[in-house]
Amino acid sequence: MIPTILIISIISFLIIQAPPGDFLTSQIQRLYDEYGQAAERQIESLRTRYGLNKPVYVQYYLWIKGIITKGDFGYSFAEERPVMHIIIERLPYTVLITLTTLIFTWIVAIPIGVYSAIKQYTVFDYIFTFLAFIGRSIPNFLLALVLMYIFYTSFGLSLGGLFSQEYQGAPWDLGKIFDLARHLVLPIIVVGTAGTAGMVRVLRSMMLDEQGKQYVQTARSKGIKENVVIWKHMFRIAVLPLVSTIGWLLPRLISGAIITSLVLSLPTTGSALFRSLRDQDMYVAGSFVLLLSVFTVIGTLISDIALCKLDPRIYYD
Amino acid sequence: MNKNSINYLFIVVVMTIMIFFNLNLVCAVDTKLIDPDIPESWFSAPKLSSELNLDTFKQSPLLEEKVKSGDIPSVVERLPEDPPVIEPYAEIGTYGGTAVTWDTNLTGGFEAYNWMRVSGVRSTPNGQPVPFMIKDWEYSEDYKIFTLKLRKGLKWSDGESFGADDYMYWWEHVAQNEILTPVSPENWDPSIEDVVKINDWTVSIHYGKSAPNQHIASPLHGHMSPDAGIFPAHFMKQFHPDFIGKEQAEKIANEAGFNNWSDYYQYMTESHNHPDLEHNRPVLSPFVPVERTVSYAIFERNPYYPFVDTEGNQLPYIDRLRINYAEDGDMGVLKAVTGEATFKTWDTTASDMPLYRKNEEVENYRTHVYGTATTSCIYINHSHPDSDIKEIFQDVRFRRALSLAIDREDMNERIYYGLGNPRQTTVSPSNRRYREEFARAYADYDPDGARQLLDEMGMIDVDDNGFRERPDGEQFNPTLIFFDNTRSTEMELIKQDWADVGINIKIELVSRDLWLQRWGNNRDDLTAMGANVAGEYFNQWRRMYWLAPVVIPEWTTWPGWARWYVTRGERGVEPPDDVKELTKLAEKVVFSTDPEESYDAGIRLLEAQAENLWTIGTIGNPPTPIIVSNNMKNVPSRGLLGPDMQYWVPYHIEQFYLEN
């Protein structure tokens, strides 16, 4: 696991450095406006200060060393503060949005998927299949824009962000929690829909597979209640593919939400990553890619363990 | 009459009406770029209170509280001895309120810049320099000694005086310090030989070279200059080893997480970009940052801001400024369009004007259309590495043909709803050196004329594919690379126009970094840029970039030649002699001490541009919409915005007020 993470960090750092120029070249216009004649001098002194004139491997080594020994993820040139601050600010909201979306996805997808299979070829099945495909094919950002427009014109609601202006700096109270919940509705719908669709289809086809199996017939003929047959026996097998991909769901929700975060103005790691890549703010970009890969690896581990527990046929030696 | 002739009559009548209408639209090009209701006094030095017999001053109720509780001294004690006066745009304002806006960068972004930007000298809406924080200036006869007269009693936002001592601190402890200033002022251009304190409020700067236009440009840039060096001495001393000892300086730097004391020092000098609320670096701006979280920043009025209005009320009128964080530029504009911002200036686009107008009534705001102080243009690489292509590009007939082939009126209608000024690359009409013939040079739509010129050059379509080949018979497919995606439509229209006369170009939109590498290293054929010059005293060296190959190679139409000049012949491509003449003229404009000589040299440069079309201009002063909530008053309705005019500074943002 550790070697994987290390190799990923090296590759991502190199890729981030690959485009010509560095953070300062992306700021040239602003620096000229601000410092006029002194701009060239300012750029040189900034370059030295930020260590941008050192070779790439030295920069990488110093960065990794900082992370391992001090937990120092480097410095953000764009925001002029340590990367750690940015991570701490954005991670909680990212996790919140991701988790609530995950829960929403599962709560919605599982019943629909299961009943789509049970009541195959009924109106229920057709409607939800249709919705699933629509949800899967509409790009997230388009859905976000359309829903924002509808919310605004029909309900006159303030758009975007996680809080209304009054609650932004305020201490946590019931009103603020309620405001947060209200603003979360849109992101959850947008980000969740695509994931839901996939899940519904997988679950449906797995359940249909199971329906034809021997043990199901046996159970029914034993007189076991239909509900028990479905949920205690069939579902347990059908859900296996979903569990094995939990690991990838996490990073997908985080990074898949980049465009949505930009459109809806959510303070997540996704939008910070996007901006840092565009501005060549390399420590921010490198740190976030590193975090994403760590999450992926851990997530895969979790799903491996969960799979182990759920399916007695799988074992590790 | 029979049916046919009625039809003909009908058509004739309709067409006459249409032509009449269109003619009107075409002739009614708005060249009035500046709001005529702007007070005359904004075009000259601000009067002093003594000149207007003002001796009682009033303040915001917010500050009255603080005076009562003893936190700050009385308003008379806080203002300088003879406070400068600003005439409000429309009426005397009322105190109070919080202005709200959105930006992708809370404190260092452009919205914050609008409100916080101060400097020694201010640009008028015409681009002339007038005193701002500095009271006056004077030149010695040889234009080498530049004496600054400061405002007596002017104070930083923490109550300490701003005066000659701040300049002396800079000269003695920053300019001479090799670590803080690696390139010493003697090696600057123009060089600074000495800074002498005459008295507490007067300081003179001794330059090594006379360059009056350049010298005046220095105090423009924030931090009072020269060259971004003037800071609150009393505050910066606490980070400087000359005052606290090297050991202590290193220690506090390490504690704050910096590797050495100079990094920490530099960080504190720039804290206007990222307010360090722990240390509260004093500023001269009308607002002071007081709070900052991840999603918003709050600025509160500066009790020591020196300006008052014509009735003695201390400015600014507005008590607080709140900037909210938007993840994306468009989101910020969206918030403004849905009525959640008081004043939004950046990230708006001309093509979205119908959207802005549509919501005006519902969300209670108005849209002002300002112009950008630039001319959009196309660059042709004069120093192209391929000699065959270079020969074509350097043929003036080619450039004239390309210019004549562009239908600017149509472009103006389509992209800017007719709000721009179609013209050749030249200065803005508000500039003293503007001449109508410069703007009209080869700017008419004459595709036949273009075809004729190209035929003359020998660029014929040999293989009959609809596109002309080079004179030597080879295919001719130049690439136009650009990075500003808001100009995509313009590029498409140009490609079409040029295809009509037989020139086939390929358009490539790339990221800005990539563009900088490719174009800056003289590797490409064509690109799209803007030529910024509005005011003439602000003809700083670097604004010459589109008139002569003398600065910033990456931003010019002749990167190879400019690099040759900048590196004094070491790198780049040597320009032909007639182009070297241009560089001599540019030197005259900036460095000549004779205003007439400087003016004439400028005219000759502009003539050269109109003759030779170094760049091909398309639309001048493209419109930029500004969204202003209806409860904010004293906002001029039209003006020019540009970096060399300090964007909003000429429009006196400190006298905007909120009406409840």
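FYI, side chains are in, hydrogens and waters are out, and symmetry mates aren't considered; it's all heavy atoms of this structure. Letters A, B, ... are given to chains in the order of the sequence lines, protein chains preceding strands, and every chain is numbered from 1.
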If you tally heavy-atom pairs under 4.5 Å between each of A/Ile86, A/Leu262, A/Val263 and chain B, the highest tally belongs to A/Leu262
What pairs with A/Asp179 under salt bridge (Lys or Arg N to Asp or Glu O under 4.0 Å), at least two apart in sequence or on another chain?
A/Arg182
Checking heavy atoms, do the side chain of A/Leu266, its backbone, both or neither come under 4.5 Å from chain B?
backbone
Using a cut-off of 6.0 Å, state whether more than 12 heavy atoms not belonging to B/Glu178 lie near its atom CD.
no
Got a sec, which residues hit ring pair (Phe, Tyr, Trp, His ring centres under 6.0 Å) with B/Phe483, two or more places apart in sequence or on another chain?
B/Trp515
Side-chain donor/acceptor of A/Ser265 to backbone N/O of B/Glu327, under 3.5 Å
yes
How long is the gap from OH on A/Tyr149 to CG on B/Leu334, to the nearest 0.5 Å?
12.0 Å
Going by an N to O cut-off under 4.0 Å, is there a salt bridge joining A/Glu89 and B/Arg292?
no
